[in-house]
**Student:** 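Before I ask anything, here is the structure I am working with.
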Amino acid sequence: MLHYDQFNNGVMKQRSSMVKYKQIIMKKILIYAGLLISLLGSSCKKLLEEEPKAILDPKFLKTEKGLNAGLDGAYAGMRFMFGTQNLFALTVVGTDEFQKGNDGNDQSYRYGSGYTPTNGIVKGIWQDAYRYLNAANGVIKYAPEVTMDAKKKARILAEAKFLRAQYLFILVQFWADITLQTDFLDAPTTSAKRDPVPAVYAQVIKDLREAIPDLAPGPATTGVDKGRATAAAASHLLAKVYLAKAGSVAKEIPGDYEQAYQLAKGIIDNRAALGLALQQDFKDVHREGNESNSEILWAVQHTSTLPFNGPGNSGGSDNVLNHMFVPIYDQMGCARSMEYGRPYNRCIPTRWLTDTLFKDKVNDTRLVKSFQFVWLANSLDPSVLDKNKWPNPLPAGAPPGAVAGAPKTKNIGDTVIYMPGVDKTKAEIDRTPYQLIPPRLYNQKMSPAMTKYFDTKRGNFNNPSIRPVIVYRLAETYLIAAEAAYFTSRTPEAVGYINALRTRAAYPAGDPSKIQVTAADISTNFVDFILDERSKELMGENMRWFDLARTGKFIERVNLHNKDLVGIMLPKHVIRPIPQDQINSVTTGDPYRSDIYFPNWN
């Protein structure tokens, strides 16, 4: 596994805006040099460990140790992206898939009055992306001057370009025109400008094209640490970049779709040689402890070393996705537990996701394998049992043994909460010896809980997750190939890629023939169709806002499917506001413009 723990605890936690960052830390950054350590046992992969060594400045970066340290830093920043509440808030909630839960943030999740350029979540993503982008820039700039094994240097340089491309890709999707920073900043500056979208995409594509030849072929390649970039991951990312570019002002049609198709098809066609394969059962993709399975192209590593993981709650580089989807089951007759999770209750699924998208829950098993619908009794403490009592008087049809005013639960393992996924009458609900919650009674406190990120192995109940966060996987490669195939007049190929995932979705007891699609099925309204398919496979995986924005469907589908946001969405919400700290910090030259696309973000 790739470790970059101590880097996170250094001075990379700095002031917020990019320009302020330039002013205070570009000259000297305390970092930790990497030492590779081989583990005993043939089944173990190498671990990249760090210890305090030096200052990340040009002189240090011109050494082999400094180059490795700079790369560690660029990797470390990905923990501030994938797994944090910030990226979750900007990509998962406030979409057609998920809406605000009982404890969610009104400003970010509901685009409230406080969702402005001063919003802390928006600022957090901006500052972290630029902060760690600079570490990648340092590696790229000074690698040619380092005396070391040429092959190793080429690999380090390629990984840095992959990481720089990833940071820039996040930034351009959220903010469109951004500062295209490709030089290492080691001196203060108070000027900055926004570069146009086409220039940003050109740089991202260039970086990935240059990186791919010098990266290891795939994550299963001998000697590849878990979490390291590979050619397969870079090719997948590049295919995604072309799809996003095709939906932007930089679009080149049909060339962007052709490039995306060839890249995705190349991964799929060579999957056996790369050690890649779809998991047979969808439930195994996100099974705890299986995050390095054959479907995973790239995952961001987290750690059990809490001092280096973040503050241990919901900020910094913590992976808190294990908390975000957990409803308030502890107010319904169950005790808080490691198994059921810490009920942060930041979001709940929309009824469109649970009811409309998955009308067939028998043959398409992806919803039931991604959500928890049943909670069993885990405590007989009176304070817990008292939250789930029979009413007084007893309802008609109450089972034998029911006592008015007494707890419904009698034994550990009894059903306490059950969500059947279909409607039930009030009489049925009243006489059931547990809390029966049909879809019409889902609410902000108690709705199905997405389990993709549950973590029962963390140190204690309140801790963040130590699980890696899966960023790219082969199933998405199939969906990219399908989308690009359709837009390059290869509809039969698109159908084949989609049906491959639908066949897997039926495993083990469903009938795949009942959910297969034809060319006619996908051609009526393909954009909505492929967005539906992406939700079925990738729901909650930190990419929904990006998908809706790049396809021009964000406002339309949110208004249709998220009852929190009907009538609230404005045209400006298709990009994020430039953080006010960034605007204020530009004091030399032209002002940093926040009104390029939407004057009312100013």
Side-chain angles (χ1 to χ4, degrees), residues 1-2 43-45 82-83 88 92 97 218-220 225-227 232-233 236 271 274-304 319-327 329 337-342 349 353-354 358 361-376 378 448-459 461 463-479 500-510 512 534-543:
M1 182 175 69
L2 178 65
S43 64
C44 295
K45 296 224 179 186
F82 297 100
F88 159 86
V92 175
E97 292 181 352
D225 306 325
K226 295 177 183 178
H236 177 97
R271 62 190 183 278
L274 294 169
L276 298 169
L278 295 174
Q279 294 286 280
Q280 183 178 33
D281 192 334
F282 179 82
K283 73 177 182 181
D284 289 332
V285 176
H286 293 276
R287 177 166 51 82
E288 186 176 357
N290 196 39
E291 297 87 358
S292 297
N293 66 70
S294 63
E295 189 165 324
I296 308 309
L297 292 164
W298 188 53
V300 169
Q301 306 300 300
H302 284 262
T303 176
S304 58
N319 175 8
V320 294
L321 296 177
N322 57 312
H323 300 324
M324 298 292 102
F325 301 89
V326 182
Y329 65 89
S337 70
M338 290 283 283
E339 179 184 4
Y340 293 154
R342 186 177 180 183
L353 181 67
T354 58
F358 285 96
K361 299 179 179 66
V362 174
N363 296 306
D364 191 333
T365 65
R366 287 174 287 192
L367 182 78
V368 297
K369 290 174 179 175
S370 299
F371 281 84
Q372 180 176 0
F373 297 92
V374 179
W375 285 258
L376 304 179
N378 57 3
M450 200 181 79
T451 58
K452 287 183 176 182
Y453 302 105
F454 275 22
D455 185 346
T456 62
K457 305 297 191 298
R458 61 194 190 279
F461 175 78
N463 278 4
S465 176
I466 60 174
R467 292 181 63 184
V469 177
I470 297 168
V471 181
Y472 300 134
R473 57 188 179 92
L474 187 60
E476 190 193 12
T477 315
Y478 277 74
L479 290 167
L501 297 183
R502 285 182 166 228
T503 297
R504 194 262 294 270
Y507 182 87
R534 289 183 67 85
S535 269
K536 288 176 181 178
E537 183 70 31
L538 306 167
M539 54 189 145
E541 295 185 29
N542 296 295
M543 62 180 77

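Since the structure is predicted, the reported quantities are computational estimates derived from the model, not experimental observations.
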**Student:** Could you tell me which non-hydrogen atom of Asn319 sits nearest to which non-hydrogen atom of Pro464, and how far apart they are?
**Tutor:** O-CB, 3.4 Å

**Student:** Looking at every heavy atom in both Tyr329 and Gly341, which two are closest together, and how far apart are they?
**Tutor:** OH-O, 2.5 Å

**Student:** Could you pull out the closest heavy-atom pair between His302 and Phe82, with the gap in Å?
**Tutor:** NE2-O, 2.9 Å

**Student:** Would Asp281 and Lys369 pass as an ion pair if we require N to O under 4.0 Å?
**Tutor:** yes

**Student:** What's the verdict on side-chain contact (heavy atoms from CB on, under 4.5 Å) for Ser294 and Leu276, showing C-alpha distance, side-chain angles and the deciding distance?
**Tutor:** CA-CA 5 Å; Ser294 63; Leu276 298 169; 5.8 Å; no

**Student:** Shortest non-hydrogen contact from His323 to Phe461?
**Tutor:** CE1-O, 4.0 Å

**Student:** Apply side chain to side chain donor-acceptor pair (under 3.5 Å) to residues Asn290 and Gln279 and explain how you reach the verdict.
**Tutor:** CA-CA 11 Å; Asn290 196 39; Gln279 294 286 280; 3.2 Å; yes

**Student:** Using 30° and 60° as the class limits, which term best fits the ring planes of Tyr453 and Phe325: parallel, tilted or perpendicular?
**Tutor:** parallel

**Student:** Taking only residues two or more places apart in sequence or in another chain, which ones pass ring pair (Phe, Tyr, Trp, His ring centres under 6.0 Å) with His286?
**Tutor:** none

**Student:** Where do Val320 and Phe88 land on the side-chain contact (heavy atoms from CB on, under 4.5 Å) test, with the steps shown first?
**Tutor:** CA-CA 9 Å; Val320 294; Phe88 159 86; over 6 Å; no

**Student:** State, yes or no, whether a side-chain contact exists between Tyr340 and Asn378 at a heavy-atom distance under 4.5 Å.
**Tutor:** yes

**Student:** Under a 4.0 Å N-O cut-off, is there an ion pair linking Arg287 with Asp284?
**Tutor:** yes

**Student:** Does any part of the side chain of Lys536, heavy atoms only, come nearer than 4.5 Å to the side chain of Arg502, both counted from C-beta?
**Tutor:** yes

**Student:** Quick one: are Met450 and Met324 in side-chain contact, heavy atoms under 4.5 Å?
**Tutor:** no

**Student:** For the side chain of Asn363 and the backbone of Ala506, is there at least one donor-acceptor N/O pair under 3.5 Å apart?
**Tutor:** no

**Student:** If we only count heavy atoms from C-beta on, is the Asn542 to Leu321 side-chain gap below 4.5 Å?
**Tutor:** yes

**Student:** Are any of the side-chain heavy atoms of Leu474 and His236 separated by less than 4.5 Å?
**Tutor:** no

**Student:** Does any non-hydrogen side-chain atom of Asp455 lie less than 4.5 Å from one of Asn463?
**Tutor:** no

**Student:** To the nearest 0.5 Å, how far apart are OH in Tyr472 and OG1 in Thr477?
**Tutor:** 10.5 Å

**Student:** In the structure I gave you, are the side-chain heavy atoms of Tyr507 and Gln280 within less than 4.5 Å of one another anywhere?
**Tutor:** yes

**Student:** Hey, is Glu295 close enough to Arg504 for a salt bridge, meaning N to O under 4.0 Å?
**Tutor:** yes

**Student:** Between Ala233 and Trp298, what is the shortest heavy-atom contact and its length?
**Tutor:** CB-CB, 3.9 Å

**Student:** Give me the atom names and distance for the closest heavy-atom approach of Pro349 to Pro448.
**Tutor:** CD-O, 3.5 Å

**Student:** For Trp375 and Ser337, run side-chain contact (heavy atoms from CB on, under 4.5 Å): C-alpha distance rounded to whole Å, both residues' side-chain angles, the deciding distance at 0.1 Å, then the answer.
**Tutor:** CA-CA 11 Å; Trp375 285 258; Ser337 70; over 6 Å; no

**Student:** At what distance, to the nearest 0.5 angstrom, does CD1 of Ile470 lie from CG of Leu297?
**Tutor:** 10.5 Å

**Student:** Not counting sequence neighbours, which residues clear side chain to side chain donor-acceptor pair (under 3.5 Å) with Glu339? List them please.
**Tutor:** none

**Student:** Does this structure show an ion pair linking Arg473 with Glu537, if we count only N-O contacts that are shorter than 4.0 Å?
**Tutor:** yes

**Student:** Is the shortest side-chain heavy-atom distance between Thr354 and Phe358 below 4.5 Å?
**Tutor:** no

**Student:** Is it true that Ser465 and Asn322 share a donor-acceptor pair across their side chains at a distance under 3.5 Å?
**Tutor:** no

**Student:** Determine, for Glu291 against Lys226, whether the closest basic-nitrogen to carboxylate-oxygen distance falls under 4.0 angstrom.
**Tutor:** no

**Student:** In this structure, are over 12 heavy atoms from other groups packed under 6.0 Å from Lys361 atom NZ?
**Tutor:** yes

**Student:** Any chance you could lay out the side-chain contact (heavy atoms from CB on, under 4.5 Å) test for Glu476 and Glu541, step after step, and finish with the verdict?
**Tutor:** CA-CA 11 Å; Glu476 190 193 12; Glu541 295 185 29; over 6 Å; no

**Student:** Applying side chain to side chain donor-acceptor pair (under 3.5 Å) to Ser535 and Glu97, what does each step give before you reach the verdict?
**Tutor:** CA-CA 7 Å; Ser535 269; Glu97 292 181 352; 2.6 Å; yes

